[in-house]
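These notes concern the structure reproduced below.
Counting convention: from 1, in listed order, for ligands and their atoms alike. All values reported here derive from a predicted model rather than from experimental measurement.
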Amino acid sequence: MLDTVNVDYSTQIPNNVGLVEDRTVLRALEGWHPGYIDWWKDMGPTGFQEALVYLRTAVSVDPKGWAKFGYVKMPEYRWGVLLAPQEEGRKVNFGKHKGEPAWQDVPGEYRAMLRRLIVIQGDTEPASVEQQRHLGATAPSLYDMRNLFQVNVEEGRHLWAMVYLLHKYFGRDGREEADELLRRRSGDADSPRMLGAFNEKTPDWLSFFMFTFFTDRDGKMQLESLAQSGFDPLSRTCRFMLTEEAHHMFVGETGVGRTIQRTCEAMKAAGIDDPNDIAKVRALGVIDLPTVQKKLNLHYSLTLDLFGAEISTNSANFFNAGLKGRFQETKIDDDHELTNAAYPVLKLVNGQIVKVDEPALTALNMRLRDDYSEDCARGVERWNKIIEKEGVKFRLELPHVAFNRKIGEFRDVEITPKGVIVSPAEWTKMRDQYLPSAADGAFIESLMKPVLEPGKYASWIAAPKVGIDNKPGDFEYVQIAA
Ligand code: BYC
C-alpha cells in the first residue's frame, strides 16, 4: 500500500506519489531536474548558494507535523512532489458534472483547458523567484534573509508540483510545457512570464513584503479555487501547496507590520506627530507612512489584475467543466451550478463607475477578487492596529478596485485611489501622490543596507516578536561563510 502521508526520499525526487513504481514519470522528472538546477543557479537567489540556510523541508503531508527544520545549502534543498492524501469517494462538487466521481485522469474534452490552468499556475512560481533574486544582498537581517530564501525554495517546489502534473498527465505536450516553464523569464522582452504582475520588479524589501502580502494572497485564492477542482490530482496538489503558502503571507504581513512599527516608534521617540512630515520622518532612517501607502496602492492594484477581466467566459468555462471552483466552494449554500444566478460587478457605464448585475457564471473572477479584497482589508486593519497602538494618527487603506488597472473594465481610464475618474493630464500631475515615485524608490533604496549580525536589524524595521521554529533572538538563521 502506497504511503501517501510520509515522503519517500529514496528517489532523487522526494515524493509521496509512488514514483519508485512509476518509472516513466520518474525518468521524465529526473530528465527535467538538471535544467531546473541550472535555472536555480542562473535565476534563483544571487549569491548565498553556498550558505547554510535554516530552512524547513516538507517531510510529510500530515497537517500535524509536515516539516522539519535544518541547515541546508539551497541548491541541495530536497524539492519534492507532495500531494495531500486522496479523499475516499471525493466528487466533482460544482458545474455540469456535479455529483460525478472526481477524475483521477484528465478528462479528454477538458485537456487543453486544464493544461492551460496548470501552466499559468506553474509559470508564476519561478517568476516570483526571479523577481526576488537580488534581495539577499540587502537583507535587513539574517532572519529576513532566511525567510526570503524559504519563500524562494518553496516557490521552486510549487513549480515542481505543477511540472509533476504536466509530466504525469499530459504526455509529450506536458513535457514541452514543463521545459517552457524554465525558459520564460520575468521581465524578459522576448520571453516574459505569462501574467502581468510577474514581470514587474521587486526592487526593495518593502516591495518584497507587499508582494508576499498581496500577490501571494492571490496565490492563496487561486490555489483555493484550484483545490476545488474535479481533477483530483490538481486538487490534492494545491491543498498541500496552501500549507506552505500560509508562511509566505505571514512573511508579508509581519514584514510590513514590523516596518510600520519601527516607523511609528522612531516618530514617537523623536517627538514627530505629523506622519505627513515626510522629510523629518525619513531623516530618522525609517520609511514614512505615506510612502508605505503608495507601495500598498501599487501592489494591490497590480495584484487585482491577476484576477483577469471582470466578465470572463474563460472563468465560466472553467467552472462549468468542474476544473476551477469558487473560494471555499463546498461551504457555499447554493446549487453550485449558477445557471440562473446573478452577481454584482463594478463596470464603467457612460463614464461612470456603477454596479451592474451580471450572470454569476461569467462574473466568477469578480467573486474571487471580492473575496480576496475582503481578506486584504482584514490584513490592512491589523496594520492599522499597530499604528493606532503607537498613537500615530494615520490610517492605511486599500485603494479603489478601479485604481491603476491594466486588465479589464478600467484599463483605459485613469482613476484615483478614492475611485474618482480623472483626465490623463490630471493623472500625470497627481501620479506621484498615488504611486511610488522615482524619489521614493531612491529613498527606500538608500535604506537597503544589509545587516548580517545575528539578532540585529536594519534601522527601518523592528525585530520580529518570535523566531522561526522558536529560535532565540540571536539565532544565526543563515551561516554565510559556510
Ligand atoms: N496578465 O478571460 P480573462 C501565485 C489574459 S498567483 C496577462 O479575464 P481568465 C503566486 C487571459 O489569459 C496565482 N494576461 O482571463 C503568487 C486571457 O487570455 P486569452 C496564479 C492576462 O482566464 C506569488 C485574456 O487576458 N494562478 O500562485 O478568466 C508568488 C482574457 O482574460 C491577465 C492562477 O492565476 C494578466 N494579469 O483569468 C508565487 C490560476 N489576466 O485567453 C505564486 C490559474 C488575464 O485571451 N489562472 N489575462 O489568451 C487562471 O485562473 C486565469 O488564467 C486567470 C485569468 C485568473 C489568471
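Closer than 4.0 angstrom to ligand 1 sit non-hydrogen atoms from Arg116, Leu117, Ile120, Gln121, Thr124, Glu125, Ser128, Glu155, Met194, Leu195, Gly196, Phe198, Phe211, Thr215, Asp216, Asp218, Gly219, Gln222, Asp305, Leu306, Phe307, Gly308, Ala309, Ser312, Asn314, Ser315, Phe318, Lys324, Asn365, Ile407.
Side-chain atoms of Arg239 and Ser235 form a donor-acceptor pair, as typed in the model, at a separation below 3.5 Å. For Trp66 and Glu244, the side-chain atoms include no donor-acceptor pair closer than 3.5 Å. Under the 3.5 Å distance criterion, with hydrogens and angles disregarded, no donor-acceptor pair is assigned to the side chains of Gln228 and Glu224.
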Could you list the donor-acceptor pairs under 3.5 angstrom formed between side-chain atoms of residues 214-223 and any protein atom two or more places apart in sequence or on another chain?
from	atom 1	to	atom 2	distance (Å)
Thr215	OG1	Thr303	OG1	2.9
Asp216	OD2	His248	ND1	3.3
Arg217	NE	Phe213	O	3.2
Arg217	NH1	Asp375	OD2	3.0
Asp218	OD1	Gln222	NE2	3.1
Lys220	NZ	Asp375	OD2	2.8
Gln222	OE1	Lys324	NZ	2.7

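Here the side chains of Asn384 and Leu396 are in contact, with some heavy-atom distance below 4.5 Å. Side chains of Arg326 and Asp334 form a contact here, defined as non-hydrogen atoms less than 4.5 Å apart.
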